[in-house]
Amino acid sequence: MRRLMYYMTRHPLSLAGTTLTTASATLILIMAGMQLIGTEGSPYIGILAYLILPALFVLGLILIPIGARRANLARRNKSGKPRMPVLDFNRSSTQRTLAVVLLLTMVNVIILALATYKGVEVMDSTEFCGTACHSVMAPEYTTYIDSPHARVACVECHIGSGAGWYAKSKLSGAWQVVSTTFDLYPRPIPTPVHNLRPARETCEECHWPTKFHGDKLDVRTRFASDEANTETKTVLVLRVGGVDGEEAHGIHWHVDPRIQVRYRSDPSRETIYEVELTDEDGAVTTFEPGEPAPETADEPLEWRVMDCVDCHNRPTHIYGQPATEIDDAIAEGRLDRALPYLKREGVRILRASYDSHEAARAGIREELVSFYRDQQPETWGAHETSVLQAADVLGEIWTTNVFPTMNVTWNTYPNHIGHEVSDGCFRCHDEEHESASGAVISQDCFGCHALLAMEEEEPEILAMIAAE
Ligand code: HEC
Ligand code: HEC
Ligand code: HEC
Ligand code: HEC
Ligand code: HEC
């Protein structure tokens, strides 16, 4: 026993190792204890307790034998004794030392197992993914907490169940921790995510193709850029479709498991070249693009099987557009429609760029106030609080969609669901992708939706529905 103590302390390195190991083990146990009795910590406590301290713990364990060996070498050089310590198992002191070493090893293994288990749990938590990396994940986290999937953990979509993907993503997760710490990540974080787990194994755990059917009536409220911010309605019937028994139709026809659509694109997936359709009988049709793919050796084009994410690339990290964000805010009563030209001015002001969220809030307030004060003095006199409130709401819209520290601005992350802001569906449905027999991928408006009203003040169709 005394010999063990001697080994653990006689070289400065061993001494440092012993101190490090003991101290970090004590801290890990205290923090685990605190969590057990329910003291809620921030994700930083979790990172410290289960990621950083265990690393120090292992470092200490490594230092002890290194120090001991150095000390041994030094002693041997002096006395000419054998290089390795002679272990005589007949000696009771050796037996005791061995027992203590075994016992300590077991304790160490338990502490490390606990720390590893908890460490994985911490890394899987949404708080860790979303906030530990702070400014890096701010755009993704901010858009996520306000989305239909706010209750779905990051790992449900980014990792999903299954050991293979789990190990893979943990490795890339470890790399992300390192690159965040040392500021190596790209700004903005690139999209698409090329190694995202196939949607069949994530999205389809909760939504499956046979679950959608029929059409969906979609009424969108818009406000014009005139003085009155005139309210209009756009009415669409989206042919959501899906798989109904033997038949698949409408928009979700693409995810019928009996067929497959594959395409080749540039790495951003914004420009789609060949599209290949394999139908239920196995017959293959290739639609060649209007412009052939550039063949460059250093940027190989990827073939990809189309899945949910090719249309729903923004199911949760949903970035708005100035116009539609203002429409929503007026419709919900957060912005006062009585303020003349609010829509027009709001869109103009939101498009300006600022270096930080603080600068944006201040600059937006300044711009809006000076517009009403200088050009609409009556409104300014009568509705000053409304104008100031509107400035705050515009500031909120800007800061939840634009992130200067990450170089994320309007439309950095295009949404592929429609065709208004990015090409979306029209990346393929452009009437230019053509098969050998001359068929094209259709741009017939009616195939995807019936457009019953387009920015109309009083759409007849809504009056008809209301009258029924
Ligand atoms: C409902 C599923 C879902 C959830 C939950 C989710 N993501 Fe995503 N995430 C996606 C999809 C889909 C993409 C875009 C994939 C593509 O286009 O290749 C994406 C992309 C990203 C990107 C790349 C940048 C971008 O916007 O394209 C990051 C970083 C990211 N997610 C982080 C997170 C974090 C952090 C969380 C938890 C706070 C989270 N995600 C939760 C589905 C999800
Ligand atoms: C853990 C379960 C879960 C997973 C995984 C999941 N979703 Fe969802 N999703 C939901 C729930 C629950 C809702 C309904 C939310 C609501 O009604 O507010 C929803 C809503 C939606 C909607 C409708 C949104 C809207 O505006 O009404 C779409 C589209 C969608 N999910 C697509 C996806 C895609 C694409 C993926 C994979 C990248 C995915 N989901 C993964 C549970 C999930
Ligand atoms: C070809 C593009 C495309 C593909 C592929 C696709 N979707 Fe959709 N999906 C849409 C469109 C378009 C809508 C209607 C959007 C809207 O309501 O604004 C929609 C609507 C939905 C909705 C809401 C349904 C409703 O009735 O409100 C869910 C949930 C959904 N999709 C999930 C999925 C899942 C899961 C997959 C993969 C199995 C998938 N989608 C594949 C384009 C697609
Ligand atoms: C990667 C290319 C691609 C993209 C992106 C794409 N489609 Fe398609 N879509 C196809 C192909 C290929 C067909 C089959 C064309 C044919 O058979 O003539 C098709 C067919 C359709 C059909 C007809 C389905 C049926 O009942 O036969 C609809 C509806 C449709 N797409 C809607 C959409 C919508 C909505 C989007 C965007 C949200 C979209 N598509 C995006 C490739 C694509
Ligand atoms: C390949 C399918 C497809 C075709 C073809 C198509 N659209 Fe659309 N369109 C969509 C989808 C999907 C949406 C809904 C997107 C969303 O959820 O925001 C949409 C939305 C719209 C909107 C509403 C925009 C808004 O939010 O105010 C208008 C207007 C529109 N389409 C017009 C047209 C017209 C006109 C044509 C014919 C030239 C056409 N579309 C052809 C898929 C299609």
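Below, all heavy atoms of this structure are taken into account, side chains as well, without hydrogens, waters or symmetry copies. Remember, predicted model here, so these are calculated numbers, not experimental data. The first residue in the sequence is number 1, and the count goes up from there.
Using a distance-only test at 3.5 Å, with no hydrogens or angles considered, a donor-acceptor pair links the side chain of His252 to the main chain of Val240. With hydrogens and angles disregarded, no donor-acceptor distance shorter than 3.5 Å links the side chain of Ser265 to the backbone of Ile272. A donor-acceptor pair under 3.5 Å links the side-chain atoms of Ser422 to the main chain of Asn415, judged by distance alone. Of the possible donor and acceptor atoms, none in the side chain of Glu432 sits under 3.5 Å from a partner among the backbone N and O of Pro289. A donor-acceptor pair is defined here as one N or O able to donate and one able to accept, closer than 3.5 Å; no such pair exists between the side chain of Tyr144 and the backbone of Thr316. Proximity of a side-chain donor or acceptor of Thr21 to a complementary backbone N or O of Leu61 within less than 3.5 Å is detected. No side-chain donor-acceptor contact under 3.5 Å links His149 to the backbone of Cys154. Under a 3.5 Å cut-off, the side chain of Arg365 and the backbone N or O of Ala362 do not form any donor-acceptor pair.
Looking only at atom types and distance, the side chain of Tyr273 has no donor-acceptor partner in the side chain of Asp266 under 3.5 Å away. Looking at His416 and Glu270, their side chains do bring a donor and an acceptor atom within 3.5 Å of each other. Between the side chains of Asn401 and Glu325, at least one donor N or O lies within less than 3.5 Å of an accepting N or O. Judged by distance alone, the side chains of Arg314 and Thr191 do bring a donor and an acceptor atom under 3.5 Å apart.
In this structure, Leu98 CG and Ser93 OG are separated by 11.0 Å, a value rounded to the nearest 0.5 Å. Summarising the geometry, atom CG belonging to Leu56 is positioned 9.5 Å from atom CG belonging to Leu27; distances are rounded to the nearest 0.5 Å. To the nearest 0.5 Å, the span separating CD on Glu345 from NZ on Lys343 amounts to 12.5 Å. Here the OG1-CD1 distance, from Thr18 to Ile64, works out to 4.0 Å after rounding to the nearest 0.5 Å. One distance of note links OG1 of Thr142 with NE2 of His317; it measures 11.0 Å at 0.5 Å rounding.
For the pair Asp279 and Arg258, the salt-bridge criterion is not met [side-chain N within less than 4.0 Å of a carboxylate O]. Of the charged side-chain nitrogens involved, none lies within less than 4.0 Å of a carboxylate oxygen, so that Asp392 and Arg361 do not count as a salt-bridged pair. Glu276 and Arg264 are not joined by a salt bridge, as no carboxylate oxygen comes within less than 4.0 angstrom of a charged side-chain nitrogen.
Thr202 and Cys157 make their closest contact through CG2-O, 3.6 Å (heavy atoms, listed as atom of the first residue, atom of the second, distance). Shortest non-hydrogen contact noted between Ala293 and Leu301 is CB-CD1, 3.6 Å. Residues Val309 and Ala199 share a closest heavy-atom pair of CG2-CB, 4.4 Å. Minimum heavy-atom separation, Leu13 to Leu63: O-CB, 3.8 Å. Between Pro257 and Val243 the shortest heavy-atom distance is CD-CG2, 4.3 Å. The two atoms that bring Ile28 and Pro54 nearest to each other are CD1-N, 3.9 Å, heavy atoms only.
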Can Ile364 and Glu367 be said to form a side-chain contact (heavy atoms from CB on, under 4.5 Å), step by step? CA-CA 5 Å; Ile364 286 169; Glu367 283 282 325; 5.8 Å; no
Verdict with supporting geometry, Thr409 and Phe403, side-chain contact (heavy atoms from CB on, under 4.5 Å): CA-CA 6 Å; Thr409 180; Phe403 300 85; over 6 Å; no
Candidate pair Leu350 and Ile326, rule side-chain contact (heavy atoms from CB on, under 4.5 Å), full reasoning: CA-CA 10 Å; Leu350 283 179; Ile326 292 177; 3.8 Å; yes
Please lay out, stage by stage, how Glu274 and Arg262 fare under the test salt bridge (Lys or Arg N to Asp or Glu O under 4.0 Å). CA-CA 8 Å; Glu274 298 87 344; Arg262 215 164 70 109; over 6 Å; no
Run the numbers on Asn407 and Thr412 for side-chain contact (heavy atoms from CB on, under 4.5 Å), then give the verdict. CA-CA 8 Å; Asn407 292 333; Thr412 298; over 6 Å; no
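At least one side-chain heavy atom of Ile189 sits under 4.5 Å from a side-chain heavy atom of Glu140. Annotation: side chain of Arg269 is in contact with side chain of His194 (closest heavy-atom distance under 4.5 Å). Side-chain contact check for Cys311 versus Met306: some heavy-atom pair is nearer than 4.5 Å. Counting only heavy atoms from C-beta outward, the side chains of Val275 and Thr286 never approach each other to under 4.5 Å. Within the 4.5 Å cutoff, no side-chain heavy atoms of Val421 are placed close to those of Trp410. Residues Trp398 and Leu394 form no side-chain contact, since every pair of their non-hydrogen atoms from C-beta on lies 4.5 Å or further apart. Counting heavy atoms from C-beta outward, Leu103 and Val100 have side chains that stay 4.5 Å or more apart. The shortest side-chain heavy-atom distance between Leu368 and Ile349 falls under the 4.5 Å cut-off.
Tyr413 and Tyr319 have parallel rings, their planes meeting at less than 30° on a 0 to 90° scale where 60° marks the start of perpendicular.
Residue Arg334 qualifies as enclosed at atom CZ: its count of foreign heavy atoms under 6.0 Å is above 12. Atom CG of Asp218 has more than 12 heavy atoms from other residues, nucleotides or ligands within 6.0 Å. Enclosure of atom CD in Glu291 is not indicated, since only 12 or fewer non-hydrogen atoms of other residues, nucleotides or ligands lie within 6.0 angstrom.
Ring centroid separation for the pair His433 and Phe287 does not come in under the 6.0 Å cut-off.
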